[in-house]
Amino acid sequence: MSERQLERYRLRNVGFVFQFFNLIPSLSAFENLELPMLIAGADADERRSRAEALLESVWLHGKGYKRPEELSGGEQQRVAVCVALVNDPPILLADEPTGNLDSANAKIISGILIDLAKARGKTVIVASHDPTVVEAFPRVFHMRDGVIDRAA
């Protein structure tokens with residue numbers, strides 16, 4: 001694939017959740033959600049409706065106007081999950097999505113990711129060193145020295 005084709009593929013097929021949120025600080029939570037949809041060509045009504053629905057699904061209804069610095073770490077991570085989902089990709093990759101969260105918020109984020117896989121038929125791949133997060137997922141693979149083996 002060309003670089004352009006790869007960009008388009010990632011935009012439509014892969015959502016990324018990063019450990020450090022990767023939200024644009026000068027944009028509100030709502031605007032952070034709108035940006036990938038704008039790039040994908042969604043119209044204003046669709047962007048608004050999807051952004052509102054996603055924020056509501058992670059208990060952030062009414063906080064869409066806040067910029068990342070005005071949100072807690074758990075709220076920022078929930079916005080980051082929404083950004084990853086906004087173009088409805090079939091695959092979600094999460095790199096240490098709970099690494100900067102307290103245990104209560106880590107449980108919430110893990111639950112959201114598991115629910116997504118079940119309810120929306122998403123393939124969710126999570127990389128984590130947190131044993132509590134690892135225990136929450138139904139299928140676990142371990143990588144040691146570049147070799148993957150399935151855990152019991």
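Between Val79 and Pro68, every side-chain heavy-atom pair lies at or beyond the 4.5 Å cut-off. Considering only heavy atoms from C-beta on, Leu55 stays 4.5 Å or farther from His61 through its side chain. Asp88 has its side chain within reach of Lys122: a pair of non-hydrogen atoms, C-beta onward, lies under 4.5 Å apart.
Considering all non-hydrogen atoms of both residues, Arg78 and Val58 come closest at NH1-O, 2.9 Å. The shortest heavy-atom contact between Glu70 and Lys66 is OE1-CA, 3.3 Å. The two atoms that bring Gln76 and Leu71 nearest to each other are NE2-O, 3.2 Å, heavy atoms only. Here the closest non-hydrogen pair linking Leu92 and Ala84 is CD1-CB, 3.4 Å.
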For residues 36-45, dump all side-chain donor-acceptor pairs below 3.5 Å to protein atoms at least two apart in sequence or in another chain.
unit_1, atom_1, unit_2, atom_2, d
Asp43, OD1, Asp45, N, 3.1
Asp43, OD1, Glu46, N, 2.8
Asp45, OD1, Arg48, NH2, 2.9

Enumerate, atom names and distances included, each donor-acceptor pair closer than 3.5 Å involving a side-chain atom of residues 17-35, sequence neighbours excluded.
unit_1, atom_1, unit_2, atom_2, d
Ser28, OG, Phe30, N, 3.4
Ser28, OG, Glu31, N, 3.0
Ser28, OG, Glu31, OE1, 3.4
Ser28, OG, Gly64, O, 3.3
Glu31, OE1, Ser28, N, 2.8
Asn32, OD1, Ile24, N, 2.7
Asn32, ND2, Ile24, O, 3.1
Asn32, ND2, Leu27, O, 3.2
Asn32, ND2, Ser28, O, 3.1

Just distance, no hydrogens or angles: give the donor-acceptor pairs under 3.5 Å from side chains in residues 109-118, sequence neighbours left out.
unit_1, atom_1, unit_2, atom_2, d
Ser110, OG, Ala106, O, 3.0

Between Val86 and Arg47, does a side-chain contact (heavy atoms from CB on, under 4.5 Å) hold up when you go through it step by step?
CA-CA 9 Å; Val86 80; Arg47 292 193 312 264; over 6 Å; no
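Rounding to the nearest 0.5 angstrom, the gap separating the NZ atom in Lys107 from the OG1 atom in Thr132 is 8.5 Å. Atom CE of Met1 sits about 12.0 Å away from atom CD of Glu7, to the nearest 0.5 Å. In this structure, Glu56 CD and Cys82 SG are separated by 11.0 Å, a value rounded to the nearest 0.5 Å.
There is no side-chain donor-acceptor pair under 3.5 Å between Ser128 and Asp130.
In terms of hydrophobic clustering, with Ile, Leu, Val, Met, Phe, Trp and Tyr side chains grouped at heavy-atom distances under 4.5 Å, Phe137 and Ile108 are assigned to a common cluster. Taking hydrophobic clusters as Ile, Leu, Val, Met, Phe, Trp and Tyr residues chained together by side-chain heavy-atom distances below 4.5 Å, Leu11 does not share a cluster with Ile91. Placement of Leu54 and Leu93 in two distinct hydrophobic clusters is found when ILVMFWY residues are connected by side-chain heavy-atom separations under 4.5 Å, directly or transitively. At a threshold of 4.5 Å between side-chain heavy atoms, the hydrophobic network of Ile, Leu, Val, Met, Phe, Trp and Tyr places Val147 and Met143 in two separate groups.
Looking at Ser72, its side chain does come within 3.5 Å of a backbone N or O of Glu75 through a donor-acceptor pair.
In this structure, Arg10 places its CZ atom where more than 12 heavy-atom neighbours from other residues, nucleotides or ligands lie under 6.0 Å away.
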